[in-house]
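Keep in mind that the numbers below use all heavy atoms, side chains included, and drop hydrogens, waters and symmetry copies.
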2 protein chains.
Amino acid sequence: MAKRVSHRDSMCGVARPLDAIGDWWSLLIIRDAFDGLRRFGEFQKSLGLAKNILSARLRNLVAHGIMDTVPAADGSPYQEYVLTQKGQGLFPLLVALRQWGEDFFFAPNEPHVTLVDRVTSLPVRRLELRAQDGRMLMAEDTLVVVPPPVDESE
Amino acid sequence: MAKRVSHRDSMCGVARPLDAIGDWWSLLIIRDAFDGLRRFGEFQKSLGLAKNILSARLRNLVAHGIMDTVPAADGSPYQEYVLTQKGQGLFPLLVALRQWGEDFFFAPNEPHVTLVDRVTSLPVRRLELRAQDGRMLMAEDTLVVVPPPVDESE
DNA sequence: TATAACGGTTGCAAATTAAAACCACAAGAG
DNA sequence: CTCTTGTGGTTTTAATTTGCAACCGTTATA
């Protein structure tokens, strides 16, 4: 965590998020949170990671505003961990990761879990990038542009 | 890398990819590759990471079939690193990461680079998940289902 | 012939991660 | 009231990973 950030003083839009969720476990915790897990013990049992690591990761996610602690739910005197708005914003990323995984990390007929539409129970569509006018875009059709240079003397 | 994978013997569609790209640097290398970087030195200068780390990451990406080494390009006797099909499949994930970063990691008026359509120079659309029938889906509208249990005696 | 640039590898110290033991609190059993 | 169990962590310690710096081999350059 909190790795030094190369020689660029301002991190780009890809590097900043990685500072918050760029480790193996954080995304898995978030995925479990999307699946409805909320309690420390639930995450630990589901992921099988050491308790101190889970503790540190949850603390980090809370510190980054990705999860939040809420006091109770059932009567237990403990707290629960829930996704914030910011955390919920990670859903497309998780879907992208899952779709890529399904495409390339499973043998042709190997069974795997699928993300489906609750209403129809059909698999969701593939994520695709589109232009403003609706054309589908591949990587080569895009370009990263820098913001117009701000005049310092202004 | 190669972390032990909890108590589940079969990794899910989210965990498997993380084994390949689940560290801070790999995704940044891939992003740079999408931006056209190919040479060891280019990556190193762009990212400012230690050469041994870059060496290890590139080796790992090649081992996972995400990048490939090609012998030359200009006359230099060195090799270049290019994305495979599998690597190019990460484009949506990178876009998702970037969009999330732009949403939550920049102050309202803070300038940041933008991903634009090459043809129109307009920013690309937001990634959105849709059902087969085209309805837009939020996280709550989806469900992860396990594959039908295979009859072992078959 | 020396010098520098490129593409790494190797050695080592420092930071991070993970396993295991421990601790605090509450609930229930006897 | 004491004993045990379950939950939610923290502390301690060892193993792994990270990153800096130095080195090496090859090829271009002066």
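- Between B:Arg59 and C:dT9, a side-chain N or O to OP1/OP2 separation shorter than 4.0 Å is present.
- The distance from atom CG of B:Asn52 to atom P of D:dC23 is 16 Å, rounded to the nearest whole Å.
- The side chain of B:Ser76 contributes no N or O atom lying less than 4.0 Å from OP1 or OP2 of D:dA28.
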Please determine whether salt bridge (Lys or Arg N to Asp or Glu O under 4.0 Å) holds for the pair B:Arg135 and B:Asp141, giving the CA-CA distance in whole Å, both sets of side-chain angles, and the decisive distance to 0.1 Å.
CA-CA 10 Å; B:Arg135 286 165 18 252; B:Asp141 304 322; over 6 Å; no
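- The heavy-atom pair separating B:Val113 from B:Glu102 by the smallest distance is O-OE2, 3.2 Å.
- Taking only side-chain nitrogens and oxygens, B:Gln44 never comes nearer than 4.0 Å to OP1 or OP2 of C:dC6.
- Fit an axis to the five pairs at each end of the helix from C:dT1-D:dA30 to C:dG30-D:dC1 and the two axes sit 10° apart, to the nearest 10 degrees.
- At least one donor-acceptor pair under 3.5 Å links the side chain of A:Thr84 to the backbone N or O of A:Gly65.
- Put simply, CD on B:Glu42 and CD on B:Glu80 are 7.5 Å apart, with the number rounded to the nearest 0.5 Å.
- Taking atom CZ of B:Arg39 as the reference point, atom C1' of C:dG8 lies 13 Å away to the nearest angstrom.
- B:Lys86 forms a cation-pi arrangement with A:Phe105, by the criterion of a distance under 6.0 Å to the ring centre and an angle within 45° of the ring axis.
- No contact: B:Phe43 has no heavy atom under 4.0 Å from any strand.
- Spacing between atom CD1 of A:Ile53 and atom P of D:dG8 amounts to 18 Å, rounded to whole angstrom units.
- Residue A:Trp25 places at least one side-chain N or O under 4.0 Å from the OP1 or OP2 atom of C:dA18.
- Here B:Gln79 reaches the OP1 or OP2 of C:dG8: one of its side-chain N or O atoms lies under 4.0 Å away.
- Put simply, CG on B:Asp23 is 12 Å from P on D:dT17, counting in whole angstrom units.
- At least one donor-acceptor pair closer than 3.5 Å links the side chain of B:Arg125 to the backbone N or O of A:Ala131.
- Side-chain contact, B:Ser76 with B:Arg39: a donor N or O sits under 3.5 Å from an acceptor N or O.
- For the OP1/OP2 pair of D:dG9 and a distance below 4.0 Å, the side-chain nitrogens and oxygens of A:Ser55 include no atom meeting the criterion.
- Note on A:Arg38: every side-chain N or O is 4.0 Å or more away from OP1 and OP2 of D:dG8.
- When rounded to the nearest whole Å, the span between CG of A:Leu49 and P of D:dG8 equals 14 Å.
- Between the CG atom of B:Leu47 and the P atom of D:dT18 there is a distance of 15 Å, given to the nearest Å.
- Following rounding to the nearest Å, B:Lys51 (NZ) and C:dG11 (P) show an atom-to-atom distance of 16 Å.
- Look at OH on B:Tyr78: it is 8 Å from C1' on D:dA28, rounded to the nearest Å.
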